[in-house]
Engineer: 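Quick one: structure below, then a few questions.
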Amino acid sequence: MRISQLFYQTLKEVPREAQIPSHQLMFRAGMIQQLASGIYNYLPLAHKSLRKLETIIREELEKRGCQEVLLPYVQPAELWEESGRWGYYGPELLRFKDRKGGDFCLGPTHEEVITDMVRRNLKSYRQLPWNIFQIQTKFRDEVRPRFGLMRGREFIMKDGYSFDVDEEASKVTYQKMYDAYSAIFSRCGLKFRAVDAATGNIGGDMSHEFQVLAQSGEDLILSCDKCSYAANVEKAVTVRGEATPDSSLFEEVEKVHTPNSKTIEEISGFLKMDTNRFIKSIVYVIDEEPVLVLIRGDLDINESKVQTIMGANSVELADDNTVLDITGAATGFAGPVGLKRKVKILADYSVTEGVNFVTGANENDYHLKNINMGRDYTADILGDITFASEGDKCPHCEGILEEHRGIEVGQVFYLGTKYSKTMNCTYLDKDGKEQLAVMGCYGIGVGRTVAAAIEQHHDEDGIIWPAALAPFEAVVLPLQMNKEEVVQAGEELYGKLKDLGVDVALDDREERAGFKFKDADLIGYPLQIIIGARSLENGEVEVKIRKTGDKKNISLDDVASFVKDFLDKEKAGLS
RNA sequence: CGGGAUAUAGCCUAGUGGCUAAGGCGCCUGCUUUGGGAGCAGGAAAUCGCAGGUUCGAGUCCUGCUAUCCCGACCA
């Protein structure tokens with residue numbers, strides 16, 4: 001590509017709305033432009049990087065027997081009603097009607113469509129396993145899109161779905177995909193961790209996230225300093241079980257007047273007691289049924305764990321009316337003792353650690369002292385619903401958990417029969433018996449991965465592309481465009497590198513040297529091949545390695561093979 | 001969805017109720033220059049987010065709307 005013809009424009013100044021390095025640099029390098037909140041134009045430089053990532057994805061998946069398809073991104077509501085998600089998928093599912101008044105949505109994910117497609121073709125166990133993927137634009141009407149490609153509303157995703165005869169086979173597939181993802185992100189030159197993850201809305205009971213480690217990451221990861229355990233904070237197991245408090249220490253229940261003290265902080269200040277002497281009682285609506293959730297006052301409820309422990313599709317805070325209906329009091333005075341209406345109680349293990357807690361009295365402006373589980377109330381379910389945090393013990397060894405920030409670039413799920421059951425995706429086994437297909441699903445945020453690569457690889461001058469994702473692997477920079485021999489040498493080298501299969505650009509613009517250097521650093525070509533009049537007299541050119549800043553003088557004859565070797569090694573991850 | 005902020009040329013900004021809305025980057029023309037975003041001269045480019053209102057007079061004040069960004073909640 002001749003840079004003089006490239007559709008792009010670099011900027012010296014950072015647009016106001018760009019907050020994190022990848023967003024700023026992609027904008028400044030002329031890779032993306034915003035069209036609306038969370039919706040971007042991908043210019044040629046961005047598109048080239050995206051396509052390179054897609055190629056890596058395709059190679060690694062096809063190597064493992066996956067097949068590519070392309071499914072519609074406009075999807076009929078009927079399928080979503082069938083799976084049940086039309087009802088509880090929130091407003092991020094963009095719904096609309098066609099001219100006939102039929103309900104449709106823009107696909108945020110494709111479990112429904114793929115399951116429908118597969119069930120119409122699946123007849124016999126002989127056909128399985130199937131592992132089908134696509135790379136396509138998705139739409140999620142995020143409440144708060146941000147950070148450029150990191151969290152867009154419209155984004156490119158690779159999504160794949162596997163169908164196996166049974167759980168055992170499906171778990172083999174899961175491991176295969178886990179390996180594929182590790183290979184893909186390694187080839188991209190990314191430092192990442194695969195971590196245990198919650199399954200959230202998509203369901204299933206086993207999942208790993210692939211997290212690129214970066215300061216600007218939105219996810220919190222906890223990993224052991226001794227063993228390989230690592231998990232998203234939503235999922236990280238807390239080492240805590242049911243304690244058996246000494247009932248001889250139980251004191252008599254006492255009602256106290258606590259005007260205007262609703263939050264744990266307020267009441268803790270009012271009674272001059274530490275927050276861990278309280279039990280936080282919060283009413284949730286879990287799959288439309290109200291549940292009182294209890295946790296010690298100094299801890300927070302991990303809704304993701306609540307969802308898992310309850311096997312629920314949705315977990316939401318109850319509104320004030322529901323709270324009033326159940327407790328008979330305003331929000332802020334709920335407690336497990338003296339509820340107006342009997343509801344299920346879900347308690348964290350922490351409420352058994354210690355005795356004589358303070359809870360709401362289910363009466364405005366009153367709390368109860370010396371409340372103890374077993375004597376004063378019982379929990380229907382007791383379990384771990386807290387967040388783990390830095391410094392906690394590792395659940396697998398004697399190590400201590402450390403905290404990291406991560407960008408989730410991929411996630412693999414074992415789905416089991418969640419969708420095949422609701423959508424009746426079955427096959428006949430050897431004995432002619434109908435069986436449910438066992439599914440898995442696997443996603444990669446394509447744009448996000450490219451952005452994450454920039455987050456991890458940049459400096460104050462610009463992007464430092466891993467060779468595998470660089471829009472161009474190298475650029476030839478003839479410095480003196482008024483000198484015939486410099487221009488000539490540039491043209492020849494450019495042609496030679498192209499012939500060798502190097503994805504190379506030629507900066508043939510009538511610009512000064514400094515200008516071209518700044519642009520090249522910003523765009524982040526892994527190699528700059530600098531052709532200056534002075535070194536050319538010695539038959540040499542200079543090669544600058546963007547990653548290290550090293551410059552080498554290399555003879556004109558040898559430079560093409562040097563470039564080729566360097567890039568091959570980079571892409572193979574050998575350097 | 002709660003809280004906060006912003007909106008002036010493609011980008012970054014100035015503009016304290018008063019003359020023809022100013023500067024930098026970028027763009028075009030010419031000259032000069034050619035190893036780290038050069039210099040000089042000239043030029044094009046603005047419905048000051050939209051709609052009302054107050055005022056002799058509004059980019060500036062008021063009201064409503066819209067869009068965008070930030071913090072939080074949320075997020076396969």
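Naming convention: chains lettered A, B, ... in sequence-line order (proteins, then strands); numbering from 1 in each chain.
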Engineer: Atom CZ of A/Phe147 and atom C1' of B/C74: how far apart are they, to the nearest Å?
Structural biologist: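 Whole-Å distance recorded here is 15 Å.
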Engineer: Just checking A/Gln19: base, sugar-phosphate only, or nothing, at a heavy-atom cut-off of under 4.0 Å?
Structural biologist: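 Touches sugar-phosphate only.
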Engineer: Categorize A/Met481 for me: base, sugar-phosphate, or nothing, with a 4.0 angstrom heavy-atom threshold over every strand shown.
Structural biologist: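 Nothing: the residue A/Met481, judged by heavy atoms under 4.0 Å, touches no strand.
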Engineer: Counting any heavy atom closer than 4.0 Å, what does A/Glu303 reach on the DNA or RNA strands: base, sugar-phosphate only, or nothing?
Structural biologist: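 If one applies the 4.0 Å heavy-atom cut-off, A/Glu303 turns out to touch the sugar-phosphate alone, with no base involved.
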Engineer: With A/Pro478 as reference, evaluate A/Leu506, A/Leu536, A/Ile529 under the side-chain contact (heavy atoms from CB on, under 4.5 Å) test and give the passing residue.
Structural biologist: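 Single side-chain contact (heavy atoms from CB on, under 4.5 Å) partner of A/Pro478 among A/Leu506, A/Leu536, A/Ile529: A/Leu506.
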Engineer: Identify, between A/Phe155 and A/Thr10, the residue whose nearest nucleotide on RNA chain B lies closer to the 5' end.
Structural biologist: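 Here A/Thr10 is the residue nearer the 5' end.
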Engineer: CD of A/Glu142 versus P of B/G72: gap in Å, rounded?
Structural biologist: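 After rounding, the reported distance stands at 15 Å.
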Engineer: Would you say a side-chain N or O of A/Gln33 is under 4.0 Å from OP1 or OP2 of B/G10?
Structural biologist: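 A/Gln33 to B/G10 OP1/OP2: no side-chain N or O under 4.0 Å.
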Engineer: Between B/A73, B/G35, B/G36, spot the one nearest the side chain of A/Lys544, thanks.
Structural biologist: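 For A/Lys544, the side-chain atoms sit closest to B/G36.
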Engineer: So does A/Glu455 pair up with A/Arg448, basic N to acidic O under 4.0 Å?
Structural biologist: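 No, A/Glu455 and A/Arg448 are not salt-bridged.
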Engineer: Just call it for A/Tyr442: base, sugar-phosphate, or nothing, with non-hydrogen atoms closer than 4.0 Å on any strand.
Structural biologist: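 A/Tyr442: no heavy atom of the nucleic acid under 4.0 Å.
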Engineer: Answer with yes or no whether the side chains of A/Ser162 and A/Tyr442 bring together a donor and an acceptor at under 3.5 Å.
Structural biologist: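 A donor-acceptor contact under 3.5 Å links the two side chains.
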Engineer: Any N/O pairs under 3.5 Å between the protein and nucleotides 12-14 of chain B? List them or say none.
Structural biologist:
residue, atom, partner, partner atom, Å
B/C12, OP1, A/Arg16, N, 3.1

Engineer: If only side-chain N and O atoms count, and only distance matters, is there a donor-acceptor pair under 3.5 Å linking A/His23 with A/Glu17?
Structural biologist: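 No, no side-chain donor-acceptor pair sits under 3.5 Å.
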Engineer: Need one value for A/Leu317: base, sugar-phosphate or nothing, where a base atom within 4.0 Å counts as base even if backbone is also close, heavy atoms only.
Structural biologist: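 Result for A/Leu317 = nothing.
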Engineer: Please tell me if A/Ser37 has a side-chain N or O lying less than 4.0 Å from either OP1 or OP2 of B/C69.
Structural biologist: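 Yes, A/Ser37 has a side-chain N/O under 4.0 Å of OP1/OP2 on B/C69.
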Engineer: Rounded off to whole Å, could you give me the CZ-to-P distance for the A/Arg146 and B/A73 pair?
Structural biologist: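 After rounding, the gap between these two atoms is 9 Å.
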Engineer: Reckon A/Arg28 touches a base, only the sugar-phosphate, or nothing at all at heavy-atom distances under 4.0 Å?
Structural biologist: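 Here A/Arg28 touches the bases of the nucleic acid.
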Engineer: Any idea how A/Phe192 and A/Phe210 line up, ring-wise: parallel (<30°), tilted (30 to 60°), or perpendicular (>60°)?
Structural biologist: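 Aromatic pair A/Phe192/A/Phe210 classed tilted.
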Engineer: Between A/Lys280 and A/Asp300, is there a salt bridge with N-O shorter than 4.0 Å?
Structural biologist: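 A salt bridge links A/Asp300 with A/Lys280.
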Engineer: Between the base of B/G36 and the side chain of A/Lys551, is there any donor-acceptor pair under 3.5 Å?
Structural biologist: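 Answer is yes: a donor-acceptor pair is held.
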Engineer: With heavy atoms under 4.0 Å as the rule, sort A/Asp159 into base, sugar-phosphate or nothing.
Structural biologist: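 The residue A/Asp159 makes no contact with any strand.
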Engineer: Between A/Lys158 and A/Glu60, does any NZ, NE, NH1 or NH2 come within less than 4.0 Å of an OD or OE carboxylate oxygen?
Structural biologist: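 So A/Glu60 does not pair with A/Lys158 through a salt bridge.
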Engineer: Please check the phosphate of B/C70 (OP1 and OP2 only) for any side-chain N or O of A/Arg144 closer than 4.0 Å.
Structural biologist: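 So the side-chain polar atoms of A/Arg144 do come within 4.0 Å of the phosphate oxygens OP1 or OP2 of B/C70, strictly under.
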